[in-house]
Amino acid sequence: MIQLAGMTTETRNLKTLELDAMSTREILEVMNEEDAAVPVAIAQELEHIEKAVALISNSLESGGRLIYVGAGTSGRIGLLDAVECPPTFGTHPDQVVGLIAGGHQAFIKAVEGAEDSRTLGIADLQAIHLSTNDTVVGIAASGRTPYVIGALEYANEVGAHTVAIACNKGSAVGKVAQVAIEVVPGPEVLTGSTRLKSGTAQKLVANMLSTVSMVRIGKVYKNLMVDVQQTNEKLRVRAENIVTEATSCEREAARVYLEAAGGSVKLAITMILLNCDKEQATKQLEQAKGHIREAIKHS
């Protein structure tokens, strides 16, 4: 029998013991109040989050991947972060990966029993040919999901970096991973419903891991997403805005340089700031490993 006693995620919230008798406004107020505890809890784990970013950045710079592994809400959060990376940071779709117990169909419909299989977690990593260059981030609010534990144990055997995100201290996934991020925002308003504060905490941590790692590998200049992909009209306008903001040029000039750069925002900015052609800008960026600031400094 699964032992859930003692897990903060399963504890009843004393503020909502009579939830069904509370007014709508009272419930909304207490939910808002409880949500405010999430960033406070995350602040206590920044040291571990920083260590995780170092591992992920190292993987990405070495040609490896960031691979999220989870079940249910936790798996969906990893998938969500993964699919946002290509349009935001220009990463290859295989560079940041989200694996969910039961496969991608489990994103919209629960696959019963999938999270209880350690071997499934292993098989899913084997299917994408896990390597020593990769970092596997296991997400499990309870911290005991067998699918995630199996994946992390296999990743350790392969020699990949391993990180765990859980919402209980002393979690099983945390004990398996090289870096344990254990954010404890307290009991849920609806007992055991970890899609609430726990899910919010996991999403905020995932935001930190991917965003800061992308900053570290040169996907950002100042606070601008310079590898953004122009996949729709909004993003085409955003690309022009980024070039004008980074270089103080006029919009028409931004359009000209973007066209000359083949649509690459990063390349267009470097061409303008270094007053050079596409070939020279490409060379400078390659030498700077994709960092615009370094390319300018050493030009």
Side-chain angles (χ1 to χ4, degrees), residues 2 9 35 38 52 56 59-60 64-130 134-155 160 162-168 171 173 177 181 183 185 188 190 192-211 213-214 229 231-232 234-235:
I2 298 173
T9 51
D35 285 343
V38 176
I56 295 166
S59 286
L60 296 175
R65 297 166 292 180
L66 163 57
I67 302 169
Y68 289 112
V69 178
T73 297
S74 298
R76 294 181 186 100
I77 287 169
L79 264 173
L80 179 60
D81 199 59
V83 300
E84 292 289 352
C85 285
T88 306
F89 300 111
T91 57
H92 189 278
D94 293 334
Q95 198 170 10
V96 182
V97 179
L99 298 178
I100 182 170
H104 284 185
Q105 68 268 25
F107 190 88
I108 57 175
K109 185 177 181 180
V111 177
E112 299 301 329
E115 72 171 60
D116 294 326
S117 173
R118 291 194 184 208
T119 56
L120 187 57
I122 296 170
D124 283 352
L125 287 178
Q126 290 175 334
I128 62 170
H129 308 292
L130 182 70
D134 298 327
T135 295
V136 176
V137 178
I139 311 176
S142 66
R144 56 147 301 278
T145 308
Y147 174 82
V148 176
I149 293 173
L152 289 172
E153 288 176 338
Y154 175 70
T162 52
V163 176
I165 303 174
C167 293
N168 285 303
S171 66
V173 293
I181 301 169
V183 179
E188 301 289 2
L190 181 62
S193 183
T194 52
R195 68 185 182 86
L196 300 177
K197 287 191 297 183
S198 295
T200 300
Q202 292 170 333
K203 181 62 172 74
L204 291 179
V205 172
N207 287 349
M208 289 178 164
L209 294 180
S210 59
T211 302
S213 295
M214 294 300 167
Q229 299 298 291
T231 55
N232 57 45
K234 180 189 75 174
L235 294 178

Is the side chain of Arg76 donor-acceptor paired with the backbone N or O of Ala106 at a distance under 3.5 Å, no angle test? yes

Backbone of Ser142 reached by a side-chain donor or acceptor of Asn168 within 3.5 Å: yes

Assess whether atom CZ of Arg118 is packed by more than 12 heavy atoms of other residues, nucleotides or ligands within 6.0 Å. yes

Show your reasoning for whether side-chain contact (heavy atoms from CB on, under 4.5 Å) applies to Leu209 and Asp81. CA-CA 10 Å; Leu209 294 180; Asp81 199 59; 5.9 Å; no

Do [X] and [Y] have side chains that approach each other closer than 4.5 Å (heavy atoms only, starting at C-beta)?
{"X": "Ile165", "Y": "Val183", "answer": "no"}
{"X": "Leu120", "Y": "Asp124", "answer": "yes"}
{"X": "Leu235", "Y": "Gln229", "answer": "no"}
{"X": "Met214", "Y": "Thr88", "answer": "no"}

Nearest 0.5 angstrom please: Gln95 CD to Leu66 CG, how far? 9.0 Å

Taken to the nearest 0.5 Å, the spacing of Ile67 CD1 from Ser59 OG works out to 8.5 Å

Do Leu80 and Tyr68 pass the side-chain contact (heavy atoms from CB on, under 4.5 Å) test, and can you show the C-alpha distance, the side-chain angles, and the key distance before you say yes or no? CA-CA 10 Å; Leu80 179 60; Tyr68 289 112; over 6 Å; no

Walk me through whether Met208 and Ile181 qualify under side-chain contact (heavy atoms from CB on, under 4.5 Å). CA-CA 12 Å; Met208 289 178 164; Ile181 301 169; over 6 Å; no

